[in-house]
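To start, the structure itself, in C-alpha cells.
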Amino acid sequence: MSQSHEVNDVSPSSLSHLVGQPSVVEQVRVALDAAHMDARKVDHMLMVGGAGLGKTQMAKIVAAEMAADFHEVLGQAITSAADLNAVLLSATDKAVVFIDEAHELERDFQTSLYLALDQRRVFLQGGRSGRTPQSIPLADFSLLLATTDEHRLLQPLRDRMRLVLRFEFYTAEDLVELLRQRIRVLRWPVDDEVLAPIARRSRGTPRLALRLLQSCRRVCRSEGEEAVTLDHFERACLLEQTDPLGLGPTEQAYLRILAEGTSRLNVIASRLGLPSRTVADVCEPFLLRAGLMVKDDQGRRQLTSEGRQHLSRNRNNGV
C-alpha cells in the first residue's frame, strides 16, 4: 500500500474501527444487529453533538454496514419544497438519507419532512388553485439527521427519530489512539511523542486533531524531512498562532478584551470586528467549556481565574 498525502484520504469504514464514542457505537451496533436480524432498514437516527465529532462519519458507516445507498445533503442546501422532494424521492428501499446541519432546515420543510415520514409519500401541489395535490409514494429508507443544535428542530421531527445519538467530546487518550490509528493507515512516520501535544491542543475534537496532524506533516515535508517531530509540531502551532489550549488568534484576542473588565457580547464582537452571532456560536463555546470565561444573568461576559492564569502563562511563554 502506498503512502497517502492527505489525512482524510482514509477513514474508518466499520464500527469496529471507530475510536471513542462508546455509548454511540453500542447504540448503533444494537440497531444494526436488529435490522439485519429482521431483514429491514435501520431505524431513523438523530445525531447530536459539536462540529467535528464524527457524526458524518458515523452516517457513512451506518450505510456501509447496511450495504445501503447513501444520500447526503446539507440542511441549508434545501431551499425549496422541490429540493426536499428530490432528496426523498431519490432514495431506494433501505437506503440511508443523511441531512447534515438539519437545524438549518426551514420550519416548513421540517414539517414536510416529518409528514413524509409518517405517510411514506410526498405531496406535489397542482398547477391550478383548488386542484388536489398529487402524491408520490416513498421508498422505505432510513433518515439520519445531524445537528449541533437539536432545539432548532421541531419537536414532532425529533420525536420521529427512533434513536438519539449524543456525541461527546473526546478525551486526550482517545485522540491519541485515533491519531495513532490514522498515521498507521496513512503510513506516515511520526514520532510518538508528538501525539499527546496534538491531542491537548485539539479541544476534544477529532477534526481539529487531524487538521493539526496534517499541519505538522506539511511543515515536515516543506523541510524535506520524512518523520514528523516535536520541532515540526511547534513550528506548525507557531504558523497557525495556536496557544497550548488550541485557542486561535480570535479567541486569544477575546480573552485579552475580557482581561480589561466585564463586557457585553455586542461590545466584544465590535472590537473583534465580527458579527455577534459568530462570536457567540464559534468563539465562546470552547471558552465556556474550558472554564476560561463565564456569562452572568444579564449576559455580561467576564474572565475566570483560569482564564487569567491562561493569559498569564501565555505572556510568560511569549505566546
Side-chain angles (χ1 to χ4, degrees), residues 8 11 28 31 35 40-167 207 275 277-278 280-282:
N8 291 321
S11 61
V28 173
R40 61 174 179 81
K41 70 177 186 184
V42 72
D43 288 326
H44 301 315
M45 302 180 188
L46 173 61
M47 297 184 283
V48 180
L53 295 182
K55 298 185 295 296
T56 298
Q57 184 178 83
M58 179 60 81
K60 292 178 178 177
I61 286 175
V62 167
E65 295 274 10
M66 291 296 296
D69 293 337
F70 183 68
H71 306 267
E72 179 181 3
V73 64
L74 287 172
Q76 55 264 48
I78 298 175
T79 59
S80 68
D83 289 340
L84 179 60
N85 291 341
V87 171
L88 300 180
L89 290 169
S90 67
T92 54
D93 284 344
K94 296 186 181 180
V96 171
V97 174
F98 174 57
I99 303 180
D100 198 4
E101 299 183 29
H103 56 272
E104 296 290 352
L105 281 170
E106 293 183 14
R107 293 174 68 88
D108 286 348
F109 300 153
Q110 292 186 39
T111 299
S112 297
L113 183 55
Y114 74 70
L115 290 176
L117 292 179
D118 280 350
Q119 301 175 29
R120 287 274 303 280
R121 57 183 56 242
V122 295
F123 293 89
L124 308 178
Q125 293 296 326
R128 296 192 300 269
S129 61
R131 184 175 175 182
T132 302
Q134 178 187 6
S135 69
I136 303 176
L138 292 173
D140 192 20
F141 60 82
S142 301
L143 178 65
L144 275 61
L145 304 178
T147 179
T148 56
D149 187 356
E150 63 181 304
H151 298 294
R152 285 171 61 189
L153 293 174
L154 295 176
Q155 185 69 47
L157 180 56
R158 299 203 306 268
D159 289 344
R160 282 155 177 81
M161 299 296 103
R162 300 290 182 84
L163 280 84
V164 178
L165 309 176
R166 299 194 179 279
F167 286 70
R207 182 183 297 166
R277 181 174 175 180
T278 299
D281 292 348
V282 179

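What you see below is based on every heavy atom in this structure, not just the backbone, and it leaves out hydrogens, waters and symmetry mates. Along the sequence shown, the residues carry numbers beginning at 1.
- For Asp140 and Arg120, the salt-bridge test passes: some basic side-chain N is under 4.0 Å from an acidic carboxylate O.
- Atom-to-atom distance recorded for Gln110:CD and Ile99:CD1 is 9.5 Å, nearest 0.5 angstrom.
- For CZ of Arg121, the number of neighbouring non-hydrogen atoms (other residues, nucleotides, ligands) closer than 6.0 Å is greater than 12.
- For the atom pair CG of Leu84 and CZ of Phe109, the computed distance is 7.5 Å after rounding to the nearest 0.5 Å.
- Distance check, rounded to the nearest 0.5 Å: CG of Leu153 to OG1 of Thr147 gives 5.0 Å.
- Atom OG1 of Thr56 and atom CG of Asp100 lie 4.0 Å apart (nearest 0.5 Å).
- The list of salt bridge (Lys or Arg N to Asp or Glu O under 4.0 Å) pairs with a residue in residues 101-111, not counting sequence neighbours, reads Glu104-Arg152.
- For the salt bridge (Lys or Arg N to Asp or Glu O under 4.0 Å) condition, no pair includes a residue of residues 50-69, sequence neighbours left out.
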Legend entry - Check against side-chain contact (heavy atoms from CB on, under 4.5 Å), Leu46 and Leu165: CA-CA 6 Å; Leu46 173 61; Leu165 309 176; over 6 Å; no
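- With sequence neighbours left out, Ala64 forms a side-chain contact (heavy atoms from CB on, under 4.5 Å) with no residue at all.
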Inset, instruction - Applying side-chain contact (heavy atoms from CB on, under 4.5 Å), run through Val164 and Arg166 and close with a yes or a no. - result: CA-CA 6 Å; Val164 178; Arg166 299 194 179 279; 3.8 Å; yes
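- At distances below 3.5 Å, at least one donor-acceptor pair connects side-chain atoms of Ser142 with backbone N or O atoms of Val42.
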Legend entry - side-chain contact (heavy atoms from CB on, under 4.5 Å) between Val62 and Phe70, intermediate numbers included: CA-CA 9 Å; Val62 167; Phe70 183 68; over 6 Å; no
Inset, instruction - Verify side-chain contact (heavy atoms from CB on, under 4.5 Å) between Leu143 and Leu113, making sure each step is shown before the conclusion. - result: CA-CA 10 Å; Leu143 178 65; Leu113 183 55; 4.0 Å; yes
